[in-house]
Trainee: 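Quick one: the structure is below, and I'll ask about it shortly.
Each chain gets a letter, A, B and so on, in the order its sequence line appears, and its residues count up from 1.
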There are 2 protein chains.
Amino acid sequence: MFKVSRKSEYALIAVQQLARSLPDRVVSVADLSQQTQVPADVLAKVLQGLKRAGVVRAVKGAGGGYGLSRSPAEIRFLDVVQPFEDKLAMVSCQMPSHECERLDTCSLRDPMAALNAFVLRQFEGLTMDVFLVPHQWIAVGTRGAGHPHETSLARRLRASDAASG
Amino acid sequence: MFKVSRKSEYALIAVQQLARSLPDRVVSVADLSQQTQVPADVLAKVLQGLKRAGVVRAVKGAGGGYGLSRSPAEIRFLDVVQPFEDKLAMVSCQMPSHECERLDTCSLRDPMAALNAFVLRQFEGLTMDVFLVPHQWIAVGTRGAGHPHETSLARRLRASDAASG
DNA sequence: AAAGTAGAGGACCAAAATGGTCCGATTTTG
DNA sequence: CAAAATCGGACCATTTTGGTCCTCTACTTT
Ligand code: SF4
Ligand code: SF4
């Protein structure tokens with residue numbers, strides 16, 4: 001449960017790294033691979049996936065590379081992860097074309113559907129800018145103004161977790 | 001992401017079913033398998049895991065079977081699921097004995113750890129009694145009194161999800 | 001225009017996780 | 001003792017995952 005695919009991790013790392021470079025510059029896969037220690041071949045396909053998802057833009061040819069297509073604050077966590085997670089559901093029957101022979105008798109389906117929807121909504125407002133300031137994660141009481149789009153998840157992450165422990 | 005293992009589903013279903021029988025009675029695996037349509041062999045091992053976790057009690061010998069070890073309201077969702085999910089973490093480096101060669105350079109580790117902790121805390125207060133009243137999941141405004149141990153997750157699940165859509 | 005750079009994308013493979021079956025041992029009832 | 005039931009493992013087939021490789025195409029630079 002909860003575990004994200006390796007490609008998702010690479011995607012998150014790539015977005016982090018791209019966010020640290022100048023917004024109008026692009027970085028080649030080779031450079032990005034060196035900076036992040038992610039195998040170039042895998043990183044290449046991950047970037048392709050992110051491009052298809054509209055998260056990054058690509059510039060072909062000599063001197064080309066990848067760059068973020070918009071500001072980190074406007075890139076949602078789920079945008080980055082979605083392309084590499086065919087299963088954003090807790091149970092099989094929640095995703096299309098995955099059937100289950102126990103559909104009618106199963107008294108677990110409805111509760112899990114609601115649970116799934118709730119968890120997903122928690123992530124809706126989580127944007128990638130939260131991933132860029134490492135110190136916020138360990139400091140307590142750093143609570144900032146917050147972005148208009150963010151939900152309680154992003155807010156509570158900013159406030160760190162040592163508070164209510 | 002989020003997907004629970006099949007055994008976890010079976011475990012949840014089993015707990016649901018056991019909760020519907022009389023508290024002091026025990027049900028055999030064979031009966032339980034017929035009631036839930038879960039393969040008997042698999043169900044057997046699932047029940048064994050649940051017993052090890054202290055969620056169910058077992059009575060051996062003829063006329064024996066399984067029963068809940070305590071009331072559904074006192075059985076947490078994570079108690080049921082934990083034995084079948086070695087990975088309750090979003091990234092590998094969060095679980096013991098799973099190393100990653102990028103540990104130091106990785107700027108994703110800390111954010112993910114915090115995110116992980118938050119999500120986990122959301123589930124902490126979710127108890128199995130919520131899974132027993134199917135109508136609560138589709139009805140809106142059924143908000144009840146709530147149990148002392150439950151967190152916002154359980155409360156919001158009770159209130160259904162059509163509210164804030 | 002030529003040359004070289006860099007992304008696009010499919011084929012392929014090895015290792016691991018998953019889901020499920022089977023079988024023998026043990027304990028209790030009758 | 002025999003039947004009924006849990007206990008607990010070994011075992012296997014399939015799927016999923018993570019990763020490599022190779023070719024093609026588009027673009028930039030010279
Ligand atoms: S119908 Fe029940 S058993 Fe089948 S995938 Fe959905 S929750 Fe799981
Ligand atoms: S250190 Fe980074 S790359 Fe390695 S498992 Fe943790 S988050 Fe993933």
Trainee: Does anything in residues 40-71 of chain A pair up under ring-ring contact (aromatic ring centres under 6.0 Å, His included), and if so which pairs, sequence neighbours excluded?
Mentor: none
Trainee: Return the angle between end axes of the helix from dA1(C)-dT30(D) to dG30(C)-dC1(D), with five pairs used per end and rounding to 10°.
Mentor: 20°
Trainee: Does the distance from a Lys or Arg side-chain N to an Asp or Glu carboxylate O, for R70(B) and D79(B), drop under 4.0 Å?
Mentor: yes
Trainee: Yes or no on side-chain contact (heavy atoms from CB on, under 4.5 Å) for L88(A) and N116(A), after CA distance, side-chain angles and deciding distance?
Mentor: CA-CA 9 Å; L88(A) 225 60; N116(A) 201 359; over 6 Å; no
Trainee: State, to 0.1 Å, how close A19(A) and L132(A) come at their nearest heavy-atom pair, and which atoms those are.
Mentor: CB-CD1, 3.7 Å
Trainee: Would you mind reading off the distance between L50(A) atom CG and dG9(C) atom P, rounded to a whole angstrom?
Mentor: 13 Å
Trainee: Could I get a table of every N or O pair under 3.5 Å where one atom is in the protein and the other is in nucleotides 6-8 of chain C?
Mentor:
unit_1: dA6(C); atom_1: O4'; unit_2: G61(A); atom_2: O; d: 3.3
unit_1: dG7(C); atom_1: OP1; unit_2: V29(A); atom_2: N; d: 3.2
unit_1: dA8(C); atom_1: OP1; unit_2: K51(A); atom_2: NZ; d: 3.3
unit_1: dA8(C); atom_1: OP2; unit_2: Y66(A); atom_2: OH; d: 2.2

Trainee: Output a table of donor-acceptor pairs, distance under 3.5 Å, between side-chain atoms of residues 1-10 of chain A and any protein atom two or more places apart or on a different chain; print 'none' if there are none.
Mentor:
unit_1: S5(A); atom_1: OG; unit_2: K7(A); atom_2: N; d: 3.0
unit_1: S5(A); atom_1: OG; unit_2: S8(A); atom_2: N; d: 3.4
unit_1: R6(A); atom_1: NH1; unit_2: S92(B); atom_2: OG; d: 3.4
unit_1: S8(A); atom_1: OG; unit_2: E85(A); atom_2: OE2; d: 2.6
unit_1: Y10(A); atom_1: OH; unit_2: R102(B); atom_2: NH2; d: 3.0

Trainee: For T36(B) and L32(B), indicate whether the former's side chain and the latter's backbone hold a donor-acceptor pair under 3.5 Å.
Mentor: yes
Trainee: Between F123(B) and R76(B), is there a side-chain heavy-atom distance shorter than 4.5 Å?
Mentor: no
Trainee: Hey, can you pull the donor-acceptor pairs under 3.5 Å for the side chains in residues 51-64 of chain B, sequence neighbours left out?
Mentor:
unit_1: R57(B); atom_1: NE; unit_2: L68(B); atom_2: O; d: 3.1
unit_1: R57(B); atom_1: NH2; unit_2: P23(B); atom_2: O; d: 2.8

Trainee: Does any N or O in the side chain of Q16(B) come within less than 3.5 Å of the main-chain N or O of S107(A), such that one atom is a donor and the other an acceptor?
Mentor: yes
Trainee: Sub-3.5 Å donor-acceptor pair from the side chain of S28(B) to the main-chain atoms of G65(B), do we have one?
Mentor: no
Trainee: Pull out every protein N or O sitting under 3.5 Å from an N or O of nucleotides 17-21 of chain D, one pair per line with the distance.
Mentor:
unit_1: dT17(D); atom_1: OP1; unit_2: K87(A); atom_2: NZ; d: 3.0
unit_1: dG18(D); atom_1: OP1; unit_2: R6(A); atom_2: N; d: 3.0
unit_1: dG18(D); atom_1: OP2; unit_2: R6(A); atom_2: N; d: 3.4
unit_1: dG19(D); atom_1: OP1; unit_2: Y10(A); atom_2: OH; d: 3.4
unit_1: dG19(D); atom_1: OP2; unit_2: Y10(A); atom_2: OH; d: 3.2
unit_1: dT20(D); atom_1: O4; unit_2: K45(A); atom_2: NZ; d: 2.9

